[in-house]
Amino acid sequence: MAKLAMLVDLTRCIGCDACTLACKQENGTPMDVFFARVLNIEAGTFPNVKRVYLPVLCNHCEDAPCLKGCPNKAIFRRPDGIVLIDQDRCRGTGACVAACPYGNVYLVRSDRWYLNEDEAYERDYVKPRLNQNVARKCTYCAHRVDQSLDPACVVACPTTARIFGDLEDPESPVSKYVAEQRSETGREPFHLLPEAKTVPTTCYLGPMAEQASSSVPDGSFAEVKR
């Protein structure tokens, strides 16, 4: 069985926000909704400080709190591990928003769109997939995955900081990259907020120096040991 996952190599991320823009273009999200954010964080203590870029998105958790917390059973996990929200079944209670410890589920009561409502892109491509007054989140671009394409953010990344694929397939790009980095740099994938025990699918590789695979509980980047 496939286990689709996103790996983000923080050594490669340059904070260009190409992923954020590609996601918005592909999914046509409203003005206040960002499925693919890049946090710009100052880490360390003066004078030893550095700028760190931390891309965040839905973690498609194996033990997803949003799925368990939805009173309308509108959230489900596909056999390949992608967690989706049924836009027609969702009633906008916001329970999933409150349940997600990562803040990656959105419920905006009044949408503001970039284009006019009569634009073909909005009318024919976006709104059939994004209903108003319901919860939304990153889908790993499931509509693209179903066509054997990578998520838009992966395609747009100029430094190949995002690697997507099937963790159960040793020949997939993500499995091969993990094995390569484990052998060449000694780095191991880690998850954000491990104490939440959600078993995220999205994972990260830290800087080449010894990494601390702790969490980001207060919104700051996990301490990096030099």
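- Cluster annotation: Leu10 is connected to Leu39 through the hydrophobic network of ILVMFWY side chains, with a link wherever side-chain heavy atoms come within less than 4.5 Å.
- Between the OG atom in Ser175 and the CD atom in Glu180 there is a gap of 12.5 Å [rounded to 0.5 Å].
- Across all their heavy atoms, Pro189 and Leu7 have their closest contact at CB-CD1, 4.4 Å.
- Taking CG from Leu54 and CD1 from Ile41, the interatomic distance works out to 5.0 Å, rounded to the nearest 0.5 Å.
- Note that the CZ atom of Phe34 and the SG atom of Cys138 stand 14.5 Å from one another [nearest 0.5 Å].
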Checklist entry - Would Thr11 and Arg187 count as a side chain to side chain contact (heavy atoms under 4.5 Å, CB included) if you check the C-alpha gap in whole Å, the side-chain angles of each, and the deciding distance to 0.1 Å? => result CA-CA 11 Å; Thr11 299; Arg187 295 185 296 165; 3.2 Å; yes
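- Within the 3.5 Å criterion, the main-chain N or O of Cys203 finds no donor-acceptor partner in the side chain of His191.
- Rounding to the nearest 0.5 angstrom, the gap separating the CG atom in Leu67 from the CZ atom in Arg77 is 5.5 Å.
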Next on the checklist: For a side chain to side chain contact (heavy atoms under 4.5 Å, CB included) check, start with the C-alpha distance between Arg136 and Gln87, then their side-chain angles and the critical distance, and finish with the verdict.
Outcome noted: CA-CA 8 Å; Arg136 306 141 172 174; Gln87 297 281 284; 3.9 Å; yes
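- Across all non-hydrogen atoms, the minimal contact from Cys13 to Pro55 is SG-CG, 3.7 Å.
- Side-chain contact, Thr198 with Tyr102: a donor N or O sits under 3.5 Å from an acceptor N or O.
- Within the structure, side chain to side chain donor-acceptor pair (under 3.5 Å) pairs that include any residue of residues 55-73 comprise Lys3-Glu62, Asp63-Lys68 (at least two apart or interchain).
- A distance of 4.5 Å separates CD1 in Ile85 from CD1 in Ile75, rounded to the nearest 0.5 Å.
- A single hydrophobic cluster is seen to contain both Met6 and Leu193, as judged by linkage of ILVMFWY side chains at heavy-atom distances under 4.5 Å, directly or through other members.
- Screening residues 81-100 for salt bridge (charged side-chain N to carboxylate O under 4.0 Å, His left out), with sequence neighbours left out, gives no hits.
- A single hydrophobic cluster is not seen to contain both Val108 and Val134; linkage of ILVMFWY side chains at heavy-atom distances under 4.5 Å, directly or through other members, places them apart.
- A side-chain donor from one of Thr202 and Tyr140 sits under 3.5 Å from a side-chain acceptor of the other.
- Criterion: ILVMFWY side-chain heavy atoms under 4.5 Å apart, direct or through other members. Under it, Phe76 and Ile82 are part of a common hydrophobic cluster.
- The main-chain N or O of Cys23 is found under 3.5 Å from a side-chain atom of Asn27 such that the two form a donor-acceptor pair.
- Between the side chain of Arg12 and the backbone N or O of Arg162, no donor-acceptor pair lies under 3.5 Å.
- Across all their heavy atoms, Ala2 and Glu168 have their closest contact at C-CG, 4.3 Å.
- Side-chain atoms of Thr185 come within 3.5 Å of backbone atoms of Gln181 as a donor-acceptor pair (strictly under, hydrogens ignored).
- The salt bridge (charged side-chain N to carboxylate O under 4.0 Å, His left out) pairs that include a residue from residues 16-34 are Glu26-Arg144, Asp32-Arg112, where partners are two or more places apart or lie in different chains.
- Linking ILVMFWY side-chain heavy atoms closer than 4.5 Å, directly or via other members, places Leu149 and Phe35 in two distinct hydrophobic clusters.
- Proximity of a side-chain donor or acceptor of Asn104 to a complementary backbone N or O of Leu57 within less than 3.5 Å is detected.
- Side-chain contact of Asn133 with Arg109: a donor-acceptor pair under 3.5 Å is absent, judged by distance alone.
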Item to check | CA sep, side-chain torsions, deciding dist, call: Leu205, Tyr177, side chain to side chain contact (heavy atoms under 4.5 Å, CB included) | outcome: CA-CA 10 Å; Leu205 282 174; Tyr177 191 79; 3.6 Å; yes
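- Here the closest non-hydrogen pair linking Ala152 and Cys141 is N-SG, 3.5 Å.
- Atom-to-atom distance recorded for Thr201:OG1 and Phe164:CZ is 9.5 Å, nearest 0.5 angstrom.
- Shortest non-hydrogen contact noted between Val38 and Gly15 is CG1-CA, 4.3 Å.
- For the 3.5 Å distance criterion, the side chains of Tyr204 and Asp9 fail to qualify, holding no donor opposite an acceptor.
- Judged by distance alone, the side chain of Ser172 and the main-chain N or O of Asp169 form a donor-acceptor pair under 3.5 Å.
- Minimum interatomic distance between Cys96 and Val105 (heavy atoms only, all atoms of both residues): SG-CG1, 3.6 Å.
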